[in-house]
Amino acid sequence: MEPILAGDRDVIIAANTASGKTEAAFLPIATRLVEESTGDALALYISPLKALINDQLSRLEPFFAQLDLPVHPWHGDIAASRKKRFRAHPRGVLLITPESLEGTFVSQGFYLHSVFRNLMFVVVDELHSFIGTERGRQLQSLLHRLEVAIKRRVPRIALSATLGDMGLATEHLRPGDAANVHLIVSKGAGQEIKLIVRGYEEKRPQIEPPEEAAGNSSQTEQGEAEDAQVDSATAAIGNDLFKTLRGSNNLVFANSRRSVELYADLLRCRCEAARLPVEFWPHHGSLSKDLREHVESALKDRNRPATAVCTSTLELGIDIGNVKSVAQIGTPYSVASLRQRLGRSGRRGEPAILRVYIEEPEITAHTSPIDALRTELVQAISIVRLLLAKWCEPPNPAGLHLSTLVHQILSLIAQNGGITASQGWKVLCRDGPFRGVEPDMFARLLRGLAAKDLVLQASDGVLLHAPLGEKIVNHYSFYTVFLTPEEYRVVAGDRELGTLPVDRPLQENCLIILGGRRWRVVRVDERRRVIEVVRAAGGRVPVFGGQAGCLHDRIRKEMLAVYSDPEMPAFLDSKACELLLEGRDNFHRFRLHERSVMRCGSDSLLFLWAGDRVVDTIAVQLQALGFSVMNQGLALQIADIEPRLLLRRLGEIIAQGPPDPVVLAESVSNKLSEKYDGFLPDDLLCEDYGCSRLDAHGAWETLKQALQRPERT
DNA sequence: GACCTGCTGCGGGGTG
């Protein structure tokens with residue numbers, strides 16, 4: 001409490017979920033608010049989730065009511081009348097999202113000083129979820145602009161899970177003065193963990209059904225045959241989940257929305273076949289708020305058991321009551337995420353339980369070397385080993401975030417009714433969070449924005465919105481800095497089920513599974529972007545779209561260690577042991593312990609044992625030289641070249657020294673990935689892409705190491 | 001070869 005009571009410094013409190021971080025921050029804050037003689041003291045609480053604001057409101061409101069201080073929730077679902085009440089008399093605690101705070105800057109710019117003049121503290125919840133992201137950079141900028149507006153520094157109190165490098169967290173909270181951030185990290189003894197990794201092998205039918213028949217079955221009543229689309233390993237995992245989890249509360253993390261729907265449907269069918277009430281429900285970001293809240297309340301209800309099959313929606317801190325165990329289907333992609341998921345299990349004093357289910361394909365004469373290495377299982381084992389070693393990915397702090405800088409320039413103009421170029425640079429870059437941007441780059445950016453009709457310069461030098469800039473800022477979609485795909489709404493009668501991406505619209509009469517139920521599409525309204533469905537007996541799981549992930553260097557290095565290590569991890573079941581032995585045998589049979597390149601038909605496979613940023617960079621280097629490259633994750637497949645020749649070409653690449661990331665970026669065709677990237681001039685887009693997506697130095701070091709294990713035949 | 005997050009101001013019409 002002391003560092004917060006002092007009221008003169010920034011503090012980070014790092015501890016696991018449900019360990020009392022909120023109370024640790026708000027008890028001393030309440031003391032200081034009550035002591036303030038004007039009675040109008042204000043604290044600002046910022047949350048990445050609306051659901052978290054609703055949770056915190058129910059905990060904080062009764063407490064602050066005893067002190068005669070109001071608590072105001074503020075996000076997109078809060079009534080305008082309630083927001084007006086706060087604006088009329090800003091005091092107490094304001095619970096808000098970064099986007100709604102952005103909205104206040106844009107629409108109340110001139111009154112910002114009067115709204116926040118009595119601000120005493122800023123609390124940032126789930127700080128780790130902001131670090132290294134566009135949204136995190138936006139929040140840093142808003143907090144800095146807030147201090148500029150009220151002309152004084154306000155202590156920042158951040159709440160965080162104990163993840164990765166705490167040095168990055170202090171730098172994020174107070175850029176430029178991280179050394180003076182007071183760090184409080186929980187040394188909790190750590191819970192006992194019960195852990196098993198289970199292996200499954202898919203048995204393919206001897207005769208593959210013709211593709212056409214498989215494609216048509218979704219549009220005919222033949223889709224009714226239960227489990228028709230499920231392979232033997234999936235069915236076996238479903239059976240084991242049903243037997244193990246039935247009767248208690250659990251979370252089942254599947255890696256994709258598609259697989260969530262698949263398992264939720266499978267488990268519901270099992271319940272119905274056994275004439276039991278359904279206790280397994282799907283939960284992911286494409287389901288409507290209504291369906292998701294139903295699952296959340298089923299988890300909190302102590303009178304009947306409920307298990308949610310979910311994506312990372314249930315990973316962050318919203319309150320879902322006690323959960324007995326956590327299951328993970330398929331390999332996780334990061335240690336940080338697995339750790340968060342594990343943290344969701346285990347009642348007070350009881351061990352946390354984690355079961356990992358891994359499916360591997362049957363090996364035949366046609367199996368690719370990558371599959372023969374059992375990579376899913378080995379990746380899962382590596383991530384579990386790193387979890388047990390208490391390692392965790394640091395977020396990637398590199399990146400200019402120019403898309404978000406474009407956004408903040410437009411927002412700053414709206415707030416002040418216009419700014420000069422030098423004011424803008426000082427507020428956002430010299431003193432604000434965009435420190436990598438020098439005056440020259442800022443000027444190039446402004447000229448680019450003028451060329452795209454976003455800003456214009458008045459005769460007195462003041463920057464204003466140009467017509468397109470004006471239009472963008474005045475629409476509510478401006479407040480978010482992250483990009484979201486356009487989607488169709490899926491509706492059954494007057495019930496909203498969820499959404500599906502626009503690039504894969506469904507045809508009429510096709511059968512789908514959504515929300516753990518089966519539906520037939522009766523109408524697709526292209527104009528209103530609505531898909532109408534009715535209940536059906538059959539269905540198949542839709543494709544939701546989405547982006548590829550990014551595996552950290554350390555995980556691929558650990559995979560190499562798992563292949564080389566003769567020891568069998570204690571946490572594997574017998575099938576997983578068998579599959580790991582097979583993977584290790586093939587690793588040695590391919591002689592990957594002593595070489596980096598192997599032949600695969602007329603192609604070569606290049607094994608780099610490095611993270612995705614490095615592998616992607618090397619793929620770009622090879623493509624720039626005219627090679628046809630396919631990224632297989634664990635290896636790059638380079639078409640029509642034999643290993644010896646490839647090694648010679650790689651030697652030439654190394655001899656040229658570390659590549660220039662900006663030059664490499666020029667050869668990448670689609671670099672638009674962030675919301676306002678489309679407004680950047682080409683040279684700046686390449687600089688941004690080169691430093692955030694590519695790792696030129698890492699690529700050079702990795703290639704040098706790879707060539708120390710040459711092909712010897 | 002994956003996931004997640006967020007959103008204003010207004011006019012029209014009904015209710016107390």
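Protein chains get the first letters and strands the later ones, always in sequence-line order, with residue 1 at the start of each.
At whole-Å resolution of the value, CD1 in A/Ile96 and C1' in B/dT8 are 13 Å apart. Taking atom NZ on A/Lys675 and atom P on B/dG6, their separation rounds to 14 Å, with Å as the unit. Here B/dC7 presents its C1' atom at 11 Å from CZ of A/Arg135, a figure rounded to the nearest Å. Rounded to an integer number of Å, the gap from CD1 of A/Ile329 to C1' of B/dA2 is 14 Å.
Nucleic acid contact class of A/His475 (heavy atoms, under 4.0 Å, all strands): none. Backbone-only engagement by A/Gly285 is indicated by non-hydrogen atom pairs under 4.0 Å involving sugar-phosphate atoms exclusively. Note on A/Ser477: a base of the nucleic acid sits closer than 4.0 angstrom, heavy atoms only. Among the protein residues, A/Tyr479 comes within range of the sugar-phosphate backbone only, with heavy atoms under 4.0 Å from sugar or phosphate atoms but none that close to a base. Contact annotation for A/Asn631: base contact, defined as any heavy-atom pair under 4.0 Å involving a base atom.
A close approach under 4.0 Å does not occur between any side-chain nitrogen or oxygen of A/Arg341 and OP1 or OP2 of B/dC4. At least one side-chain nitrogen or oxygen of A/Ser100 sits closer than 4.0 Å to the OP1 or OP2 atom of B/dT8. The phosphate of B/dT8 (OP1 or OP2) has a side-chain N or O of A/Lys83 nearer than 4.0 angstrom. Of the side-chain N and O atoms in A/Arg257, one or more sit less than 4.0 angstrom from OP1 or OP2 of B/dC4. Residue A/Ser129 places none of its side-chain N or O atoms closer than 4.0 Å to OP1 or OP2 of B/dT5.
Comparing atom distances between the A/Ser256 side chain and each of B/dC3, B/dC7, B/dT5 picks out B/dC3 as nearest. Of the candidates B/dC4, B/dA2, B/dG6, B/dG6 carries the atom nearest the A/Thr484 side chain, counting heavy atoms from C-beta on. Relative to the side chain of A/Asp612, the nucleotides B/dG1, B/dT5, B/dG6 differ in distance, and B/dG1 lies closest. In the set B/dC7, B/dT5, B/dC4, B/dC4 carries the atom at the smallest distance from any side-chain atom of A/Thr311. Set against B/dC7, B/dC4, B/dT5, the side chain of A/His284 has B/dC4 as its closest nucleotide.
When each of A/Ser107 and A/Val615 is assigned the nucleotide of DNA chain B with its nearest heavy atom, A/Val615 is the one assigned upstream, toward the 5' end. Between A/Lys50 and A/Gln632, the residue anchored nearer the 5' end of DNA chain B, judged by the nucleotide with its closest heavy atom, is A/Gln632.
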Criterion side chain to side chain donor-acceptor pair (under 3.5 Å) on A/Gln623 and A/Ser667, from CA distance to verdict: CA-CA 8 Å; A/Gln623 274 157 354; A/Ser667 71; over 6 Å; no
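Looking at A/Leu287 and A/Leu514, their side chains come closer than 4.5 Å, going by heavy atoms from C-beta outward. Residues A/Gln379 and A/Ile358 form no side-chain contact, since every pair of their non-hydrogen atoms from C-beta on lies 4.5 Å or further apart.
The minimum heavy-atom distance linking A/Val309 with A/Leu267 is given by the pair CG2-CD1, 4.1 Å. Scanning all heavy atoms of the two residues, the minimum distance from A/Leu377 to A/Glu360 falls at N-OE2, 3.0 Å.
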